[in-house]
Number of protein chains: 2
Amino acid sequence: MSAEERREAILEAARGEFASTGYHGTSTETIAERAGISQPYLFRLFGTKKELFLASVRRCFRETLETFQRAAEGKRGEEALHAMGDAYLGLLTDRSRLMAQMQAYASCDDPEIRAVVREGYGDLVTWTERVSGLAPAELSHFFAKGMLLNVVASMDLLNSDEAWARRLIDGCRADT
Amino acid sequence: MSAEERREAILEAARGEFASTGYHGTSTETIAERAGISQPYLFRLFGTKKELFLASVRRCFRETLETFQRAAEGKRGEEALHAMGDAYLGLLTDRSRLMAQMQAYASCDDPEIRAVVREGYGDLVTWTERVSGLAPAELSHFFAKGMLLNVVASMDLLNSDEAWARRLIDGCRADT
DNA sequence: CTAGGTACTGACTCATCACTTACTTACAGA
DNA sequence: TCTGTAAGTAAGTGATGAGTCAGTACCTAG
C-alpha cells in the first residue's frame, strides 16, 4: 500500500477515535490498531499526534465543504441553500463526523487547533455566502440552525421522544 | 474550611481546567493544585474523576439557568426573552464557562455524561419556553443563535476583525 | 482531659502514553 | 545480481496519571 493510501486510512481511523474520546483521550496506539498498522509507522507518516489531529480536523471541514458544493451544484440562491441544508441533515447521521466536529470546537483553547478550525469554518461560511447571496441575518440563521442541530444530535436526541427536543427540531424545519 | 466550601472551591477550579483541556486532558493533580488542596483529598470529596466532571457540568448548567432566571425576573414574553439573550451575551465573555460547556457537548459520546448534559440543556429549554411562551420556531431560533454564538466565541472571534465572523455576529443581533 | 469525628496529606502503585531506536522485508532499476 | 529506497515493525524509554493507604492535626462534646 502506498504511503498516501495509508495516510488516508489512518485519517479515517483517527476521526473515528478522536470523535468519541477527543484529542487527549485517544491514544495513538488505538488509532494505529484501527488503521491496521503499527504505532511507530503512524509517527513516521504524521510526525506528532497533534499533526495527525490537525490533519483530521482539516479533512473533516474539507469533506463538509465538498458535500455543500455537490449539493448546490447547478443551483442558486434559496434553492442552493435548501439543498445544502438537506445535505447537512444527511451528514448529521454520521456520528463520527459530527462528534469529530464537536471535538474540534471544544479543542479551540489550543491556538494551533483554533487556527485550523477558524479556517475550516470560515471557508464554509464565505463559500455559502457567495453561492447563496444571503444577507447577514439569513446567513446567521442558516449556520445557527446548523449548530443547534449539531448539539441536539450530539446529545443523541434527533430520533428521541423527548418532547422539548422534538419541538426544537420541528422549529428548525418550520422556517426558511 | 468545611467540606461543602471545599467542594465549591474544587468545582470552581475544575471548571477552569476542564474548560481548557477537557475531561481526558485534565489531571486531577492540576485541579487539586489550583484548588489549593492535595490530590487525595479531591478523591475523598468526589470519589472519581468522572463524578467530579459530572458535578462540574451540572453546576455549569445550573448557573446558566439561574442567570436566565435573574434576567427574566418580573418580565414576560418577548421582553423576558430579550433580557435573557442579553444576559447570555454576558456569559459568553467568561471563557471558562463557555469552553466548559463546549467540552460537555463534545463528551456526549459517554452515556453518563450525555444523560447529565441532556438534563441540563432540557431544563434550560423547557424553562425558557414556559416563561417566554414562544412557539417552536421562535424557540429554536433563540437557542440556535445561542449555539452559533457559542461556536464563534469558542474560536475567539467575538472581537476579531475577520469579516465573515463579523457578518455572522451582526446577523445574530439584527433580528428578534 | 479524652474519645471520636472531620479536614487533610506524603508517599506510594500500577497502568498507560507519546515518541524513539534500531532493525527487517519487498521491490524497482542499473 | 547487486543496490538504493520505500514500507513496515518489535522492543523499548521516561514521564505522567488515576486511584489507594496509612497516617497526622485539629476541634468539639462529654
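Lettering follows sequence order; numbering is per chain, from 1. Note that the coordinates shown come from a computational prediction; the quantities given were computed from them, not determined experimentally.
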Handout entry: Whether over 12 other heavy atoms sit under 6.0 Å from D161(A) CG
Key = no
Exercise for the section: Look at all strands and tell whether T26(B) reaches a base, only sugar-phosphate, or nothing, counting heavy atoms closer than 4.0 Å. Expected result: sugar-phosphate
With respect to the side chain of [X], which nucleotide from [options] is positioned closest?
X: I37(B); options: dT9(C), dG19(D), dA7(D); answer: dT9(C)
X: Q39(B); options: dT20(D), dC8(C), dT9(D); answer: dT20(D)
X: P40(B); options: dG8(D), dC19(C), dT9(C); answer: dT9(C)
X: S38(B); options: dC8(C), dC19(C), dA18(D); answer: dC8(C)
X: T48(B); options: dG19(D), dT9(D), dT9(C); answer: dG19(D)

Nearest-Å distance for atom pair [atom1]/[atom2], residues [X] and [N]:
X: E33(B); N: dC8(C); atom1: CD; atom2: P; value: 17 Å
X: R6(A); N: dA6(D); atom1: CZ; atom2: C1'; value: 13 Å
X: E29(B); N: dA18(D); atom1: CD; atom2: P; value: 9 Å
X: Y23(B); N: dG17(D); atom1: OH; atom2: P; value: 14 Å
X: R44(A); N: dT25(C); atom1: CZ; atom2: C1'; value: 13 Å
X: F43(A); N: dT20(C); atom1: CZ; atom2: P; value: 7 Å
X: F46(A); N: dT20(C); atom1: CZ; atom2: P; value: 16 Å
X: K49(B); N: dT20(D); atom1: NZ; atom2: C1'; value: 17 Å

Exercise for the section: Could you tell me whether the phosphate oxygens of dT16(C), OP1 or OP2, come under 4.0 Å of any side-chain nitrogen or oxygen in S27(A)? Expected result: no
Exercise for the section: Assign the ring pair F18(A) / F53(A) to parallel, tilted or perpendicular, where the plane angle (0 to 90°) is split at 30° and 60°. Expected result: perpendicular
Problem - SB check E12(B) R15(B) (cutoff 4.0 Å) - result: yes
Handout entry: Check ion pair R58(A)-E119(A) (N to O, under 4.0 angstrom)
Key = no
Exercise for the section: Establish, yes or no, whether the cationic atom of R7(A) lies under 6.0 Å from the six-membered ring centre of F46(A) and within 45° of the ring axis. Expected result: yes
